[in-house]
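Taking it in order: structure first as C-alpha coordinates, then the write-up.
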Amino acid sequence: MSNIISLFRTLFAPPRHLILLLAALWVGLYLSEKRVERHSISQDALNNIVYYGILGYVIGGRVLFVLANLSVFIRSPLSIFSFNLDLFDPLGALFTGLLAVTAYARRQKLLLWSTLDALTPLFAAIAVGLALSHLAAGTAFGSPTTLPWGIELWNATRHPTQIYELIAALLAFGFIWFRKTDSPIDSDFLLFAALMAGARLFLEAFRGDSTLIFGGIRLAQVIAWMVLAIVLFASESIHRVERID
Amino acid sequence: MQPTQRRIISLVILIFGFAWIFVSADKSGESTFGKIPAPQQGFLAPDFELKTLTGETTKLSDLRGQAVLVNLWATWCPPCRAEMQTIETIYQEYKDRGFTVLAVNMTYQDTPLDIMPFVHEHGLTFPILLDETGEMANAYQLKSLPSSFFINREGIINEVVIGGPMAEALLRTRIEEILR
(Lines give C-alpha, C1' and ligand atoms only; values in the text may rest on other atoms or scores of the structure.)
Protein backbone atom coordinates (compact mmCIF):
# COMPACT_ATOMS: atom_id res chain seq x y z
CA MET A 1 0.00 0.00 0.00
CA SER A 2 2.75 2.44 0.96
CA ASN A 3 4.51 1.64 -2.36
CA ILE A 4 1.37 2.54 -4.32
CA ILE A 5 1.00 5.81 -2.40
CA SER A 6 4.68 6.58 -2.94
CA LEU A 7 4.38 5.91 -6.69
CA PHE A 8 1.25 8.05 -6.86
CA ARG A 9 2.98 10.91 -5.01
CA THR A 10 5.97 10.74 -7.37
CA LEU A 11 3.76 10.62 -10.45
CA PHE A 12 1.62 13.58 -9.39
CA ALA A 13 4.20 15.57 -7.41
CA PRO A 14 3.52 19.34 -7.47
CA PRO A 15 2.83 21.07 -9.78
CA ARG A 16 1.52 17.93 -11.60
CA HIS A 17 -1.07 17.41 -8.81
CA LEU A 18 -3.14 20.10 -10.54
CA ILE A 19 -3.80 17.59 -13.36
CA LEU A 20 -5.94 15.67 -10.86
CA LEU A 21 -8.06 18.75 -10.18
CA LEU A 22 -8.49 19.46 -13.89
CA ALA A 23 -9.45 15.83 -14.54
CA ALA A 24 -11.99 16.00 -11.68
CA LEU A 25 -13.44 19.19 -13.17
CA TRP A 26 -13.81 17.52 -16.57
CA VAL A 27 -15.36 14.31 -15.19
CA GLY A 28 -17.65 16.31 -12.88
CA LEU A 29 -18.92 18.49 -15.72
CA TYR A 30 -19.54 15.40 -17.86
CA LEU A 31 -21.54 13.75 -15.05
CA SER A 32 -23.51 16.94 -14.34
CA GLU A 33 -24.39 17.16 -18.05
CA LYS A 34 -25.65 13.55 -17.99
CA ARG A 35 -28.13 14.40 -15.22
CA VAL A 36 -29.04 17.91 -16.37
CA GLU A 37 -32.47 16.94 -17.72
CA ARG A 38 -33.61 16.09 -14.16
CA HIS A 39 -33.35 19.77 -13.21
CA SER A 40 -34.91 22.91 -14.68
CA ILE A 41 -31.73 24.02 -16.42
CA SER A 42 -30.44 23.53 -19.97
CA GLN A 43 -27.12 21.90 -20.86
CA ASP A 44 -25.92 25.20 -22.38
CA ALA A 45 -26.76 27.12 -19.21
CA LEU A 46 -24.91 24.49 -17.14
CA ASN A 47 -21.80 24.72 -19.32
CA ASN A 48 -21.93 28.52 -19.33
CA ILE A 49 -22.26 28.77 -15.57
CA VAL A 50 -19.17 26.57 -15.12
CA TYR A 51 -17.29 28.52 -17.79
CA TYR A 52 -18.07 31.89 -16.15
CA GLY A 53 -17.27 30.47 -12.72
CA ILE A 54 -13.81 29.31 -13.86
CA LEU A 55 -13.19 32.61 -15.66
CA GLY A 56 -14.19 34.60 -12.58
CA TYR A 57 -12.05 32.35 -10.37
CA VAL A 58 -8.89 32.53 -12.49
CA ILE A 59 -9.01 36.23 -13.43
CA GLY A 60 -10.32 37.37 -10.04
CA GLY A 61 -7.65 35.39 -8.15
CA ARG A 62 -4.83 37.05 -10.08
CA VAL A 63 -6.37 40.57 -10.09
CA LEU A 64 -7.01 40.52 -6.33
CA PHE A 65 -3.47 39.26 -5.68
CA VAL A 66 -2.07 42.10 -7.80
CA LEU A 67 -4.23 44.66 -5.98
CA ALA A 68 -3.13 43.33 -2.58
CA ASN A 69 0.55 43.62 -3.62
CA LEU A 70 0.30 46.70 -5.82
CA SER A 71 3.64 48.21 -4.77
CA VAL A 72 5.44 45.00 -5.82
CA PHE A 73 3.73 44.82 -9.21
CA ILE A 74 4.37 48.51 -9.94
CA ARG A 75 8.10 47.65 -9.79
CA SER A 76 7.72 44.61 -12.05
CA PRO A 77 4.48 45.05 -14.05
CA LEU A 78 5.23 42.16 -16.42
CA SER A 79 4.81 39.78 -13.48
CA ILE A 80 1.04 40.40 -13.75
CA PHE A 81 1.08 38.07 -16.77
CA SER A 82 3.46 35.51 -15.23
CA PHE A 83 2.57 31.81 -15.43
CA ASN A 84 3.51 31.39 -11.72
CA LEU A 85 0.42 29.88 -10.12
CA ASP A 86 1.55 31.17 -6.73
CA LEU A 87 0.70 34.75 -7.71
CA PHE A 88 -2.89 34.04 -6.79
CA ASP A 89 -5.40 34.83 -4.04
CA PRO A 90 -7.44 31.60 -3.63
CA LEU A 91 -10.03 33.00 -1.21
CA GLY A 92 -10.54 36.10 -3.31
CA ALA A 93 -10.79 33.86 -6.39
CA LEU A 94 -13.59 31.91 -4.74
CA PHE A 95 -15.44 35.16 -4.10
CA THR A 96 -15.02 36.47 -7.69
CA GLY A 97 -15.93 33.04 -9.11
CA LEU A 98 -19.15 33.03 -7.07
CA LEU A 99 -19.82 36.62 -8.13
CA ALA A 100 -19.50 35.69 -11.83
CA VAL A 101 -21.76 32.65 -11.36
CA THR A 102 -24.39 34.69 -9.47
CA ALA A 103 -24.34 37.44 -12.12
CA TYR A 104 -24.85 34.89 -14.92
CA ALA A 105 -27.57 32.99 -13.01
CA ARG A 106 -29.51 36.21 -12.29
CA ARG A 107 -29.22 37.37 -15.89
CA GLN A 108 -30.52 34.02 -17.16
CA LYS A 109 -33.15 33.87 -14.37
CA LEU A 110 -31.94 30.42 -13.29
CA LEU A 111 -33.57 28.83 -10.23
CA LEU A 112 -31.16 28.66 -7.28
CA TRP A 113 -31.88 25.12 -6.00
CA SER A 114 -32.23 23.56 -9.47
CA THR A 115 -28.91 25.08 -10.55
CA LEU A 116 -27.12 23.95 -7.38
CA ASP A 117 -28.62 20.45 -7.66
CA ALA A 118 -27.55 20.22 -11.32
CA LEU A 119 -24.02 21.21 -10.31
CA THR A 120 -23.78 18.78 -7.38
CA PRO A 121 -22.10 15.92 -9.33
CA LEU A 122 -19.46 18.46 -10.37
CA PHE A 123 -18.94 19.55 -6.75
CA ALA A 124 -18.68 15.90 -5.67
CA ALA A 125 -16.11 15.11 -8.38
CA ILE A 126 -14.08 18.18 -7.37
CA ALA A 127 -14.13 16.96 -3.74
CA VAL A 128 -12.65 13.63 -4.94
CA GLY A 129 -10.05 15.45 -7.07
CA LEU A 130 -9.13 17.71 -4.17
CA ALA A 131 -8.54 14.73 -1.87
CA LEU A 132 -6.33 13.09 -4.53
CA SER A 133 -4.36 16.31 -5.05
CA HIS A 134 -3.86 16.60 -1.28
CA LEU A 135 -2.49 13.06 -1.25
CA ALA A 136 -0.17 13.82 -4.17
CA ALA A 137 1.13 17.07 -2.69
CA GLY A 138 1.27 15.81 0.91
CA THR A 139 -0.87 18.72 2.07
CA ALA A 140 -3.84 18.45 4.48
CA PHE A 141 -1.70 15.89 6.34
CA GLY A 142 -2.57 13.96 9.48
CA SER A 143 -1.26 14.05 13.03
CA PRO A 144 1.33 11.46 14.10
CA THR A 145 -0.12 8.04 14.94
CA THR A 146 0.93 4.52 15.92
CA LEU A 147 -2.04 2.93 14.13
CA PRO A 148 -1.07 0.18 11.64
CA TRP A 149 -2.56 2.06 8.68
CA GLY A 150 -0.49 5.21 9.32
CA ILE A 151 1.54 6.49 6.35
CA GLU A 152 5.08 7.89 6.27
CA LEU A 153 4.82 11.57 5.50
CA TRP A 154 6.94 14.58 6.45
CA ASN A 155 9.29 12.51 8.58
CA ALA A 156 6.62 10.89 10.77
CA THR A 157 4.03 8.09 10.65
CA ARG A 158 0.76 9.95 10.25
CA HIS A 159 -2.98 9.43 9.96
CA PRO A 160 -3.67 9.11 6.20
CA THR A 161 -6.13 12.03 6.38
CA GLN A 162 -6.01 12.50 2.62
CA ILE A 163 -7.25 8.91 2.19
CA TYR A 164 -9.95 9.45 4.85
CA GLU A 165 -10.94 12.57 2.87
CA LEU A 166 -10.97 10.57 -0.38
CA ILE A 167 -13.18 7.83 1.12
CA ALA A 168 -15.60 10.46 2.50
CA ALA A 169 -15.76 12.25 -0.87
CA LEU A 170 -16.32 8.96 -2.77
CA LEU A 171 -19.05 7.90 -0.33
CA ALA A 172 -20.76 11.31 -0.63
CA PHE A 173 -20.51 11.08 -4.42
CA GLY A 174 -21.94 7.53 -4.45
CA PHE A 175 -24.74 8.50 -2.08
CA ILE A 176 -25.76 11.44 -4.28
CA TRP A 177 -25.38 9.58 -7.58
CA PHE A 178 -27.17 6.33 -6.73
CA ARG A 179 -30.00 7.48 -4.44
CA LYS A 180 -33.48 7.11 -5.85
CA THR A 181 -35.74 10.10 -5.29
CA ASP A 182 -37.75 12.39 -7.51
CA SER A 183 -38.98 14.58 -4.71
CA PRO A 184 -38.14 18.24 -5.39
CA ILE A 185 -37.62 18.93 -1.70
CA ASP A 186 -34.81 16.40 -1.31
CA SER A 187 -32.10 18.69 -2.62
CA ASP A 188 -28.96 16.90 -3.87
CA PHE A 189 -26.90 19.96 -3.07
CA LEU A 190 -28.07 20.28 0.53
CA LEU A 191 -27.50 16.57 1.12
CA PHE A 192 -24.01 16.79 -0.37
CA ALA A 193 -23.20 19.90 1.68
CA ALA A 194 -24.41 18.17 4.87
CA LEU A 195 -22.35 15.03 4.14
CA MET A 196 -19.18 16.99 3.39
CA ALA A 197 -19.59 19.30 6.39
CA GLY A 198 -20.18 16.25 8.62
CA ALA A 199 -17.11 14.51 7.17
CA ARG A 200 -14.94 17.58 7.76
CA LEU A 201 -16.26 17.96 11.31
CA PHE A 202 -15.30 14.35 12.07
CA LEU A 203 -12.06 14.00 10.08
CA GLU A 204 -10.49 17.33 11.04
CA ALA A 205 -9.80 15.73 14.44
CA PHE A 206 -7.06 13.61 12.80
CA ARG A 207 -5.33 16.48 10.98
CA GLY A 208 -1.86 17.64 11.94
CA ASP A 209 -2.11 21.07 10.32
CA SER A 210 -5.28 22.44 11.90
CA THR A 211 -5.54 26.12 12.69
CA LEU A 212 -6.25 26.16 16.41
CA ILE A 213 -8.27 28.73 18.29
CA PHE A 214 -8.82 28.94 22.09
CA GLY A 215 -8.50 25.71 24.11
CA GLY A 216 -6.99 23.80 21.18
CA ILE A 217 -10.33 23.90 19.30
CA ARG A 218 -9.90 23.45 15.56
CA LEU A 219 -11.26 26.37 13.51
CA ALA A 220 -12.27 24.15 10.55
CA GLN A 221 -14.49 22.05 12.84
CA VAL A 222 -16.31 25.14 14.11
CA ILE A 223 -16.90 26.31 10.51
CA ALA A 224 -18.01 22.79 9.44
CA TRP A 225 -20.46 22.62 12.39
CA MET A 226 -21.92 26.01 11.43
CA VAL A 227 -22.29 24.90 7.78
CA LEU A 228 -23.99 21.70 8.96
CA ALA A 229 -26.39 23.71 11.14
CA ILE A 230 -27.23 26.08 8.26
CA VAL A 231 -27.82 23.15 5.86
CA LEU A 232 -30.09 21.33 8.33
CA PHE A 233 -31.99 24.57 8.98
CA ALA A 234 -32.33 25.26 5.22
CA SER A 235 -33.55 21.70 4.63
CA GLU A 236 -36.13 22.09 7.42
CA SER A 237 -37.30 25.42 5.94
CA ILE A 238 -37.77 23.83 2.49
CA HIS A 239 -39.79 21.00 4.04
CA ARG A 240 -41.95 23.53 5.94
CA VAL A 241 -42.65 25.57 2.79
CA GLU A 242 -43.53 22.33 0.98
CA ARG A 243 -45.99 21.37 3.72
CA ILE A 244 -47.67 24.84 3.68
CA ASP A 245 -48.00 24.63 -0.14
CA MET B 1 -39.99 10.63 7.60
CA GLN B 2 -42.18 12.62 10.00
CA PRO B 3 -41.20 16.29 10.57
CA THR B 4 -40.72 15.71 14.32
CA GLN B 5 -38.48 12.69 13.69
CA ARG B 6 -36.39 14.69 11.22
CA ARG B 7 -36.03 17.61 13.67
CA ILE B 8 -34.92 15.26 16.47
CA ILE B 9 -32.32 13.60 14.22
CA SER B 10 -30.99 17.01 13.10
CA LEU B 11 -30.76 18.15 16.73
CA VAL B 12 -28.96 14.96 17.79
CA ILE B 13 -26.46 15.33 14.91
CA LEU B 14 -25.73 18.93 15.91
CA ILE B 15 -25.34 18.08 19.62
CA PHE B 16 -22.94 15.19 18.85
CA GLY B 17 -21.03 17.39 16.38
CA PHE B 18 -20.71 20.15 18.98
CA ALA B 19 -19.47 17.67 21.60
CA TRP B 20 -16.96 16.17 19.09
CA ILE B 21 -15.38 19.62 18.62
CA PHE B 22 -14.47 19.68 22.32
CA VAL B 23 -13.61 15.97 22.64
CA SER B 24 -11.22 16.14 19.67
CA ALA B 25 -9.65 19.50 20.59
CA ASP B 26 -5.86 19.41 20.43
CA LYS B 27 -4.99 19.45 24.15
CA SER B 28 -1.34 20.30 23.45
CA GLY B 29 -2.61 23.62 22.08
CA GLU B 30 -0.47 23.43 18.97
CA SER B 31 -0.54 21.51 15.71
CA THR B 32 2.41 19.36 14.56
CA PHE B 33 3.64 22.32 12.51
CA GLY B 34 7.20 23.30 13.28
CA LYS B 35 7.89 20.42 15.66
CA ILE B 36 9.86 18.20 13.32
CA PRO B 37 12.09 19.15 10.39
CA ALA B 38 10.42 18.44 7.04
CA PRO B 39 10.55 20.10 3.61
CA GLN B 40 6.98 21.38 3.83
CA GLN B 41 5.34 24.72 4.57
CA GLY B 42 5.00 25.28 8.31
CA PHE B 43 7.78 22.86 9.32
CA LEU B 44 11.29 23.51 10.54
CA ALA B 45 13.63 23.53 7.51
CA PRO B 46 15.83 20.39 7.54
CA ASP B 47 19.38 21.38 8.42
CA PHE B 48 22.31 20.75 6.04
CA GLU B 49 25.99 21.53 5.87
CA LEU B 50 27.56 21.79 2.41
CA LYS B 51 30.72 23.04 0.77
CA THR B 52 30.62 26.19 -1.33
CA LEU B 53 32.34 26.67 -4.69
CA THR B 54 35.25 28.31 -2.86
CA GLY B 55 35.69 25.34 -0.52
CA GLU B 56 34.19 26.87 2.64
CA THR B 57 31.39 25.16 4.53
CA THR B 58 27.95 26.67 5.07
CA LYS B 59 25.39 25.34 7.55
CA LEU B 60 21.74 26.38 7.26
CA SER B 61 21.16 26.52 11.03
CA ASP B 62 24.04 29.01 11.40
CA LEU B 63 21.90 31.48 9.44
CA ARG B 64 19.07 31.43 12.04
CA GLY B 65 17.87 35.03 12.47
CA GLN B 66 18.12 35.69 8.74
CA ALA B 67 15.50 35.16 6.05
CA VAL B 68 16.82 32.52 3.64
CA LEU B 69 15.87 31.40 0.15
CA VAL B 70 17.14 27.87 -0.48
CA ASN B 71 17.09 27.26 -4.23
CA LEU B 72 17.82 23.78 -5.63
CA TRP B 73 19.14 23.96 -9.19
CA ALA B 74 21.30 22.42 -11.93
CA THR B 75 23.07 23.93 -14.95
CA TRP B 76 21.18 21.72 -17.43
CA CYS B 77 17.76 22.81 -16.15
CA PRO B 78 16.29 25.61 -18.39
CA PRO B 79 13.89 27.15 -15.80
CA CYS B 80 16.78 27.20 -13.26
CA ARG B 81 18.90 29.14 -15.76
CA ALA B 82 15.99 31.48 -16.52
CA GLU B 83 15.36 32.48 -12.89
CA MET B 84 18.98 32.91 -11.70
CA GLN B 85 19.34 36.48 -12.95
CA THR B 86 16.11 37.52 -11.20
CA ILE B 87 17.27 35.87 -7.96
CA GLU B 88 20.57 37.80 -8.20
CA THR B 89 18.71 41.13 -8.71
CA ILE B 90 16.46 40.45 -5.73
CA TYR B 91 19.41 39.31 -3.59
CA GLN B 92 21.19 42.62 -4.24
CA GLU B 93 18.04 44.50 -3.32
CA TYR B 94 17.30 42.70 -0.02
CA LYS B 95 20.66 41.44 1.31
CA ASP B 96 21.12 44.46 3.59
CA ARG B 97 17.80 43.73 5.29
CA GLY B 98 18.91 40.31 6.59
CA PHE B 99 18.11 38.21 3.53
CA THR B 100 20.36 35.63 1.94
CA VAL B 101 20.23 33.06 -0.82
CA LEU B 102 21.67 29.55 -0.66
CA ALA B 103 21.72 28.23 -4.22
CA VAL B 104 22.33 24.50 -3.84
CA ASN B 105 23.61 22.90 -7.03
CA MET B 106 22.57 19.28 -7.50
CA THR B 107 26.19 18.37 -8.26
CA TYR B 108 25.50 14.62 -8.01
CA GLN B 109 23.35 14.92 -11.14
CA ASP B 110 25.18 17.84 -12.80
CA THR B 111 28.51 18.30 -14.61
CA PRO B 112 30.84 19.89 -12.01
CA LEU B 113 32.93 21.59 -14.71
CA ASP B 114 29.86 23.50 -15.94
CA ILE B 115 29.08 25.13 -12.59
CA MET B 116 31.80 27.81 -12.40
CA PRO B 117 31.26 29.09 -15.99
CA PHE B 118 27.51 29.23 -15.27
CA VAL B 119 28.08 31.33 -12.13
CA HIS B 120 30.38 33.75 -14.01
CA GLU B 121 28.04 33.96 -17.00
CA HIS B 122 25.14 35.07 -14.77
CA GLY B 123 27.29 37.19 -12.42
CA LEU B 124 25.99 35.42 -9.32
CA THR B 125 27.29 36.82 -6.01
CA PHE B 126 25.28 34.75 -3.49
CA PRO B 127 26.71 31.52 -2.02
CA ILE B 128 26.66 28.51 -4.38
CA LEU B 129 26.59 25.24 -2.44
CA LEU B 130 27.39 21.81 -3.84
CA ASP B 131 25.29 18.74 -3.04
CA GLU B 132 27.77 16.09 -4.20
CA THR B 133 26.10 13.07 -2.61
CA GLY B 134 22.39 13.86 -3.04
CA GLU B 135 21.93 13.82 0.74
CA MET B 136 20.49 17.35 0.84
CA ALA B 137 18.21 16.65 -2.15
CA ASN B 138 16.99 13.57 -0.32
CA ALA B 139 16.31 15.51 2.90
CA TYR B 140 14.33 18.07 0.89
CA GLN B 141 12.51 15.26 -1.01
CA LEU B 142 13.45 16.79 -4.36
CA LYS B 143 11.03 15.86 -7.14
CA SER B 144 11.39 18.73 -9.65
CA LEU B 145 13.98 21.36 -10.50
CA PRO B 146 14.08 24.17 -9.63
CA SER B 147 12.63 23.92 -6.11
CA SER B 148 12.66 26.94 -3.82
CA PHE B 149 12.14 27.07 -0.05
CA PHE B 150 11.46 30.42 1.62
CA ILE B 151 12.63 30.15 5.23
CA ASN B 152 11.81 32.78 7.85
CA ARG B 153 14.07 34.12 10.64
CA GLU B 154 12.96 31.31 13.01
CA GLY B 155 14.02 28.65 10.52
CA ILE B 156 10.43 27.70 9.57
CA ILE B 157 9.56 27.09 5.91
CA ASN B 158 7.09 29.80 4.96
CA GLU B 159 6.52 28.76 1.35
CA VAL B 160 7.63 26.10 -1.11
CA VAL B 161 7.69 26.89 -4.83
CA ILE B 162 8.15 23.88 -7.09
CA GLY B 163 9.10 24.64 -10.67
CA GLY B 164 10.00 27.91 -12.30
CA PRO B 165 11.11 30.35 -13.44
CA MET B 166 9.86 32.45 -10.53
CA ALA B 167 8.58 35.91 -11.43
CA GLU B 168 10.15 38.95 -9.80
CA ALA B 169 6.86 39.79 -8.06
CA LEU B 170 6.63 36.27 -6.62
CA LEU B 171 10.12 36.56 -5.16
CA ARG B 172 9.42 40.01 -3.72
CA THR B 173 6.09 39.07 -2.08
CA ARG B 174 7.53 35.91 -0.51
CA ILE B 175 10.73 37.63 0.68
CA GLU B 176 8.74 40.49 2.24
CA GLU B 177 6.80 37.81 4.17
CA ILE B 178 9.85 35.97 5.51
CA LEU B 179 11.56 39.23 6.49
CA ARG B 180 8.62 40.21 8.76
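Just so we're clear, the structure is a prediction, and the values are computed from it rather than from any experiment. Order of the sequence lines sets the chain letters (A, B, ...), proteins ahead of strands, with each chain counted from 1.
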About how many Å separate [atom2] of [Y] and [atom1] of [X], when rounded to the nearest 0.5 Å?
X        : Y        : atom1 : atom2 : value
A/Arg207 : B/Asp26  : CZ    : CG    : 13.0 Å
A/Ser76  : B/Leu171 : OG    : CG    : 9.5 Å
A/Gln221 : B/Phe22  : CD    : CZ    : 10.0 Å
B/Gln40  : A/Phe141 : CD    : CZ    : 6.0 Å
A/Leu201 : B/Phe18  : CG    : CZ    : 11.0 Å

Would one find more than 12 heavy atoms of other residues, nucleotides or ligands at under 6.0 Å from atom [atom1] of [X]?
X        : atom1 : result
A/Phe8   : CZ    : yes
B/Lys143 : NZ    : yes
B/Glu135 : CD    : no

Among [options], which has the most heavy-atom pairs under 4.5 Å with chain B?
options                               : answer
A/Asn155, A/Asp86, A/Ile213           : A/Asp86
A/Ser82, A/Ala224, A/Ala205           : A/Ala205
A/Val222, A/Ile217, A/Thr139, A/Ile80 : A/Ile217
A/Arg218, A/Arg75, A/Arg16            : A/Arg75

Can you check whether A/Phe202's main-chain N or O pairs, donor with acceptor, with B/Trp20's side chain at less than 3.5 Å?
->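 Yes, because the side chain of B/Trp20 sits within donor-acceptor range (under 3.5 Å) of the backbone of A/Phe202.
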Non-hydrogen atoms of chain B under 4.5 Å away: do they reach the side chain of [X], the backbone, both or neither?
X        : result
A/Ser71  : neither
A/Asn69  : side chain
A/Leu232 : side chain

Show me the side-chain donor-acceptor pairs of residues 53-64 of chain B shorter than 3.5 Å, one per line, residues at least two apart or across chains.
unit_1	atom_1	unit_2	atom_2	d
B/Thr54	OG1	B/Thr52	OG1	3.0
B/Ser61	OG	B/Asp47	OD1	3.4
B/Ser61	OG	B/Asp47	OD2	2.7

Most heavy-atom pairs under 4.5 angstrom with chain A, which of B/Thr173, B/Ile21, B/Ile162, B/Ile13?
->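 Counting heavy-atom pairs under 4.5 Å, the top option is B/Ile21.
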Which residue pairs pass the ring pair (Phe, Tyr, Trp, His ring centres under 6.0 Å) test with at least one member in residues 153-176 of chain B, sequence neighbours excluded?
-> none
Minimal non-hydrogen separation, A/Leu87 against B/Ala167, with atom names = CD1-CB, 4.1 Å
Sort B/Pro165 into side chain, backbone, both or neither according to what part of it lies under 4.5 angstrom from a heavy atom of chain A.
->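 The backbone, not the side chain.
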Pick one of side chain, backbone, both or neither for B/Glu176, based on which atoms fall under 4.5 Å of a heavy atom in chain A.
-> neither
Note, B/Ile36 side chain near A/Trp154 side chain (heavy atom, < 4.5 Å) | no
Is there a donor-acceptor contact under 3.5 Å linking the side chains of B/Ser10 and A/Glu236?
-> no
